[in-house]
Amino acid sequence: QRVEGRLRDALDAAWRLARVTCGGFEAGLGSITRLWREARRSGTMPTDPALACAVACAGRSAWLWSEDTSTFTAQRDGVRMDFGALGQGLAADAALAALREAGMPQARVDVSGDIARGAAPPGEAGWCIEVAPGVDGQTPETLLLHDVSFSTSGDREQTRTVAGQSVGHIIDPSSGRPLPALRQATVIAKDATTADAVATALCTLPIADALSVAENATIAARMDRPTEDGGVHATGAWNSIRRASCDPAAGSSAPEAACPSPASPASGPPGSPARPST
């Protein structure tokens, strides 16, 4: 089927970001995510045959996308797409672009935690963003950001108990099952679409693969894992971003704090290697 409009843009992004994330992000899991959403609603675990059936019509091999002809092909019956880890980023990017076109470059768009930022507010160094820890005992951080996008993915706030088992909302594409332990990933990227999808991918991948993807597909990233999985992991660029206090009583503690900007190498196409400005 030839596809146009916003669905074409979503499929373009999904196909590209599946490659960029080495399969850590996958939009073709709709049959699986639908099954687990129903399990979370009903409180009943899916049966093994039902899960096997959902897995059989999901994943990267279940669909093809031609970027040249904008043609979508389902490789088997029952294929369902799920843009849950992509759609909010697409919406945030579209909204920020509309604001800029209307002459309002100093703006921030927040779509349920997927945030696209324009130029800093008047007289400020950037937008003040607090990164909450993903695992108990880890350290929160406060950043100043402008002209970049930011997304955090994780199961800390979206885990339910189903038949005595903890079930999160992020699905591991390799198994078709929810992540076995709490994980969180925070990504700073050139655009919200990339940040949204890559943050999800960094949760699903083994930590060595996640670090490799983060170094090549983001401006900066932090991954929070349980202690037995190494605790907090961050890219070198993440550690170079200046921190700031956003306590109104303290005032601006770092008025000169510079943040990654599209003027830096991060302005290349989404998914290309990027480094923060210094």
Side-chain angles (χ1 to χ4, degrees), residues 14 21 23-59 62 78-89 91 110-115 130-141 150-187 195-210 213-214 221-233:
T21 63
F25 162 78
E26 171 54 60
L29 300 181
S31 59
I32 299 173
T33 56
R34 187 184 192 194
L35 191 68
W36 284 106
R37 285 192 187 107
E38 178 57 32
R40 285 158 57 88
R41 281 193 295 265
S42 67
T44 304
M45 293 290 284
T47 65
D48 289 341
L51 183 57
C53 182
V55 169
C57 54
V79 174
R80 289 180 176 270
M81 306 302 290
D82 185 336
F83 298 111
L86 187 74
Q88 293 173 178
D110 185 345
V111 184
S112 190
D114 291 296
I115 305 174
E130 182 177 347
V131 182
V135 179
D136 289 340
Q138 296 174 350
T139 305
E141 298 182 85
F150 172 100
S151 181
T152 295
S153 290
D155 276 330
R156 185 181 178 91
E157 304 298 330
Q158 297 199 53
T159 298
R160 302 287 185 272
T161 299
V162 179
Q165 299 183 43
S166 180
V167 175
H169 77 295
I170 298 178
I171 301 299
D172 181 351
S174 66
S175 68
R177 296 180 178 275
L179 298 179
L182 281 179
R183 295 180 181 181
Q184 178 174 289
T186 300
V187 166
D196 192 4
V198 174
T200 297
L202 298 186
C203 291
T204 68
L205 292 168
I207 193 60
D209 295 337
V213 167
R222 163 179 161 162
M223 287 146 282
D224 294 16
R225 301 285 178 103
T227 302
E228 59 271 20
D229 202 8
V232 176
H233 306 261

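As the structure is a computational prediction, the values presented were derived from the model and not from experiment.
- Two residues are said to be in side-chain contact when any heavy atoms from C-beta on lie closer than 4.5 Å; Met45 and Val167 meet this criterion.
- Under the 4.5 Å side-chain criterion, counting only non-hydrogen atoms from C-beta, Ile171 is in contact with Pro178.
- Side chain of Trp36 to backbone of Gly176: a donor-acceptor contact under 3.5 angstrom is found.
- Inter-residue side-chain proximity for Phe25 and Asp196 is flagged as unmet; no heavy-atom pair is nearer than 4.5 Å.
- If you take CG on Asp114 and OG on Ser153, they are separated by 6.5 Å, rounding to the nearest 0.5 Å.
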- Item | Residues Val232, Glu141; criterion side-chain contact (heavy atoms from CB on, under 4.5 Å); working and verdict | CA-CA 12 Å; Val232 176; Glu141 298 182 85; 5.9 Å; no

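- Between His233 and Asp229 the shortest heavy-atom distance is NE2-O, 3.0 Å.
- Arg222 places a side-chain heavy atom less than 4.5 Å from the side chain of Asp224.
- Of all non-hydrogen atoms in Ala214 and Ala221, the two that sit nearest each other are CB-CB, 3.9 Å.
- Using a distance-only test at 3.5 Å, with no hydrogens or angles considered, no donor-acceptor pair links the side chain of Arg225 to the main chain of Gly230.
- Checked by atom type and distance alone, the side chain of Glu26 never pairs as donor or acceptor with a backbone atom of Ala58 at under 3.5 Å.
- To the nearest 0.5 Å, the span separating CG on Leu202 from CD1 on Ile170 amounts to 10.5 Å.
- Shown here is Arg177, whose CZ atom has no more than 12 heavy atoms of other residues, nucleotides or ligands within 6.0 Å.
- Listed here is the closest heavy atom pair of Ala54 and Leu35: CB-CD2, 4.1 Å.
- Between Pro173 and Leu29 the shortest side-chain heavy-atom distance falls below 4.5 Å.
- The minimum heavy-atom distance between Ser175 and Val55, with the atom names listed, is O-CG2, 4.4 Å.
- One finds the OG1 atom of Thr33 at 11.0 Å from the CZ atom of Phe83 (value rounded to the nearest 0.5 Å).
- Of all heavy-atom pairs between Cys57 and Gly78, the closest is SG-O, 3.4 Å.
- Here the side chains of Glu38 and Arg34 are not in contact, with every heavy-atom distance at 4.5 Å or above.
- Annotation for Pro140 and Glu130: closest pair CB-OE2, 4.1 Å, computed over non-hydrogen atoms.
- Using a 4.0 Å cut-off between charged nitrogen and carboxylate oxygen, Arg183 and Asp172 do not count as a salt-bridge pair.
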